[in-house]
Amino acid sequence: MKPLEIEVFSCRSDNFGVLLHDSETGATVSIDAPEEAPIIDALDRRGWTLSHIFTTHHHQDHVEANLSLKEKFGCTIYGPHDEAIAIPGLDKSAADGDEFDFAGRPVHVIGTPGHTAGHICYYLPDDALLFAADTLFAMGCGRLFERPAADMWQSFQKLMALPDDVRVYFGHDYTLSNARFAVTIDPDNAALHQRAREVETKRNSGEFTIPTTIGLEKQTNPYMRVADPAIRTHLGLTGATDAEVFADIRTRKDNF
């Protein structure tokens with residue numbers, strides 16, 4: 001089985017668009033549908049025809065083009081079971097622990113409430129790919145709109161359990177801001193400082209900062225490092241639970 005081809009491009013003001021293509025079957029999936037024109041441009045550029053949309057959550061900047069793309073291509077739309085009523089054009093709902101097939105590959109659904117109540121991620125173990133949308137960002141996590149920090153921490157623990165080599169594609173280009181914030185939480189982390197410098201260089205040259213990996217996030221993402229004694233001491237939270245440290249970091253980011 002040939003590896004999936006991946007096309008990454010910009011949408012809206014700061015969304016990442018992602019297309020996956022299986023060259024053997026011709027199947028092509030868009031991870032969410034933030035904006036019609038850039039998605040169609042990317043499909044045309046690669047000569048692909050859209051067959052699926054994998055929707056992660058109901059926010060408008062992730063579902064805006066669902067109906068127009070479905071009308072144009074007749075694609076099948078998957079989306080979160082707990083937000084089914086809010087997903088335009090939904091054909092098949094999926095919840096935590098569900099599995100379905102895409103181009104002969106298993107797709108595992110991971111429920112990650114936090115950013116929204118029913119947010120899901122899509123994990124393709126055969127290709128070591130995770131599509132985390134607005135749950136996990138490079139050196140960051142999604143803003144908590146519909147569920148408390150304790151729920152997002154549980155979601156993060158599910159993602160941290162994945163193999164370190166899993167490549168993570170996320171929904172927005174917040175990497176530079178996340179890096180600048182992360183060093184205020186984890187100032188003694190040499191790997192983080194090195195990564196922050198690399199991100200500055202990439203952004204200055206117009207390069208994308210996607211994907212990341214689970215292993216790299218474990219080393220440099222403060223939300224995955226809440227048990228680290230140095231972070232706890234720096235924040236004055238040596239006796240707090242992991243969930244409390246996570247919540248404190250997220251609150252600090254909200255006010256950064």
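One-based numbering along the sequence shown.
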Whether R250 and D254 form a salt bridge (side-chain N of Lys/Arg under 4.0 Å from carboxylate O of Asp/Glu) is what I want to check.
yes
For the residue pair H62 and D134, confirm or rule out a side-chain donor-acceptor distance under 3.5 Å.
yes
Which pair of heavy atoms, one from P113 and one from A117, lies closest together, and at what distance?
CB-O, 3.3 Å
Rounded distance (nearest 0.5 Å) linking atom CG of L136 with atom CD1 of I214:
5.5 Å
Rounded to the nearest 0.5 Å, what's the gap from CG on N178 to SG on C141? Could you check?
8.5 Å
Please examine the side chains of C75 and S51, heavy atoms only from C-beta on, and report whether any two atoms are closer than 4.5 Å.
no
Is it true that a side-chain atom of R12 and a backbone atom of P34 form a donor plus acceptor pair closer than 3.5 Å?
yes
Any ring-ring contact (aromatic ring centres under 6.0 Å, His included) pairs touching residues 220-242, not counting sequence neighbours?
Y223-F246
So, do F9 and F16 have ring centers that fall under 6.0 Å from each other?
no
Just so I know, are the side chains of F170 and L130 near enough to count as touching, which here means a heavy-atom distance under 4.5 Å?
no
Steps toward side-chain contact (heavy atoms from CB on, under 4.5 Å) verdict (L235, I249)
CA-CA 9 Å; L235 298 179; I249 296 172; 3.8 Å; yes
Would you give the length of the straight line joining atom NE2 of H57 to atom SG of C121, rounded to the nearest 0.5 angstrom?
10.0 Å
Output yes when a side-chain donor or acceptor of T184 lies under 3.5 Å from a complementary backbone atom of F181, and no otherwise.
yes
What's the spacing between I185 CD1 and D228 CG if we round to 0.5 Å?
12.0 Å
Verdict with reasoning, K92 to F100, per side-chain contact (heavy atoms from CB on, under 4.5 Å):
CA-CA 10 Å; K92 299 182 179 182; F100 62 91; over 6 Å; no
Without swapping roles, check the side chain of R232 against the backbone of V226 for a donor-acceptor pair under 3.5 Å.
yes
Answer with yes or no whether the hydrophobic clustering places Y174 together with L176; edges join I, L, V, M, F, W, Y residues whose side-chain heavy atoms lie under 4.5 Å apart.
no
Is there a path from M152 to Y123 through hydrophobic residues (I, L, V, M, F, W, Y) whose side chains come within less than 4.5 Å of each other?
yes
Whether the T28 and H21 side chains hold a donor-acceptor pair (N or O, under 3.5 Å, no angle test) is what I'd like checked.
yes
Please examine the side chains of P125 and P106, heavy atoms only from C-beta on, and report whether any two atoms are closer than 4.5 Å.
yes
Taking atom types as modelled, is there a side-chain donor on H119 or H58 under 3.5 Å from an acceptor on the other?
no
In plain terms, say whether K72 and E36 are close enough for a salt bridge, that is, a side-chain N and a carboxylate O under 4.0 Å apart.
no
To check you understand the geometry: which heavy-atom pair defines the closest contact between S30 and I39, and what is its length?
OG-CD1, 3.9 Å
Return yes if a side-chain donor-acceptor contact under 3.5 Å exists between D32 and T56, otherwise no.
yes
Pairing donors with acceptors under 3.5 angstrom, does anything connect the side chains of D248 and T251?
no
Hphob cluster co-occupancy, I120 + L129, side-chain heavy atoms under 4.5 angstrom:
yes
Heavy-atom distance under 4.5 Å between the side chains of L19 and L43, does that happen here?
yes
What's the spacing between T116 OG1 and E83 CD if we round to 0.5 Å?
3.5 Å
Side chain E244, main chain T241, donor-acceptor under 3.5 Å:
yes
Can a donor-acceptor pair be found, under 3.5 Å and without considering hydrogens, that links the side chain of D91 to the backbone of I77?
yes
Any carboxylate oxygen within less than 4.0 angstrom of a Lys/Arg side-chain nitrogen, looking at E24 and K2?
no
Below 4.0 angstrom, N of the basic side chain to O of the carboxylate: do R167 and D127 qualify?
no
Looking only at heavy atoms, which two atoms of A149 and A247 are closest? And how far apart?
CB-CB, 3.5 Å
Is there a side-chain contact between I53 and V29 in this structure, where contact means two heavy atoms from C-beta onward sitting under 4.5 Å apart?
no
Basic-acidic side-chain contact under 4.0 Å: D41, R45:
no
Between R203 and D173, does a side-chain contact (heavy atoms from CB on, under 4.5 Å) hold up when you go through it step by step?
CA-CA 10 Å; R203 294 300 292 117; D173 188 8; 3.4 Å; yes
Please walk me through it: do T212 and R195 pass side-chain hydrogen bond (donor to acceptor under 3.5 Å, both in side chains)?
CA-CA 11 Å; T212 181; R195 189 179 184 193; 3.1 Å; yes
With T220, which of H193, Q194, M139, R225 fulfils side-chain contact (heavy atoms from CB on, under 4.5 Å)?
M139
Gap separating the CD1 atom of I210 from the OG1 atom of T175, nearest 0.5 angstrom
7.5 Å
Strictly distance-based, threshold 3.5 Å: is any side-chain N or O of D98 a donor or acceptor partner for the main-chain N or O of A94?
no
Considering all heavy atoms, the nearest G171-F137 contact:
N-CE2, 3.9 Å
Between S155 and T112, is any side-chain donor less than 3.5 angstrom from a side-chain acceptor?
no
Using a 4.5 Å cut-off on heavy atoms from C-beta on, say whether the side chain of S10 contacts that of N15.
no
Are the side chains of L159 and T135 in touch, meaning some heavy atoms are under 4.5 Å apart?
yes
Do F208 and V168 sit in the same hydrophobic cluster, where Ile, Leu, Val, Met, Phe, Trp and Tyr count as joined when their side-chain heavy atoms come under 4.5 Å apart?
no
Verdict with reasoning, T25 to D22, per side-chain hydrogen bond (donor to acceptor under 3.5 Å, both in side chains):
CA-CA 6 Å; T25 65; D22 178 67; 2.7 Å; yes
Indicate, with yes or no, if I231 and W153 share a hydrophobic cluster defined by side-chain heavy-atom contacts under 4.5 Å among Ile, Leu, Val, Met, Phe, Trp and Tyr.
yes
Given the options F54, F131, Y122, Y78 meets ring pair (Phe, Tyr, Trp, His ring centres under 6.0 Å) only with F54
For the residue pair H115 and H59, establish whether any side-chain heavy-atom pair is separated by less than 4.5 Å.
yes
Applying side-chain contact (heavy atoms from CB on, under 4.5 Å) to V18 and I6, what does each step give before you reach the verdict?
CA-CA 7 Å; V18 181; I6 303 176; 4.0 Å; yes
So, does D96 use its side chain to make a donor-acceptor pair with the main chain of G111 at under 3.5 Å?
yes
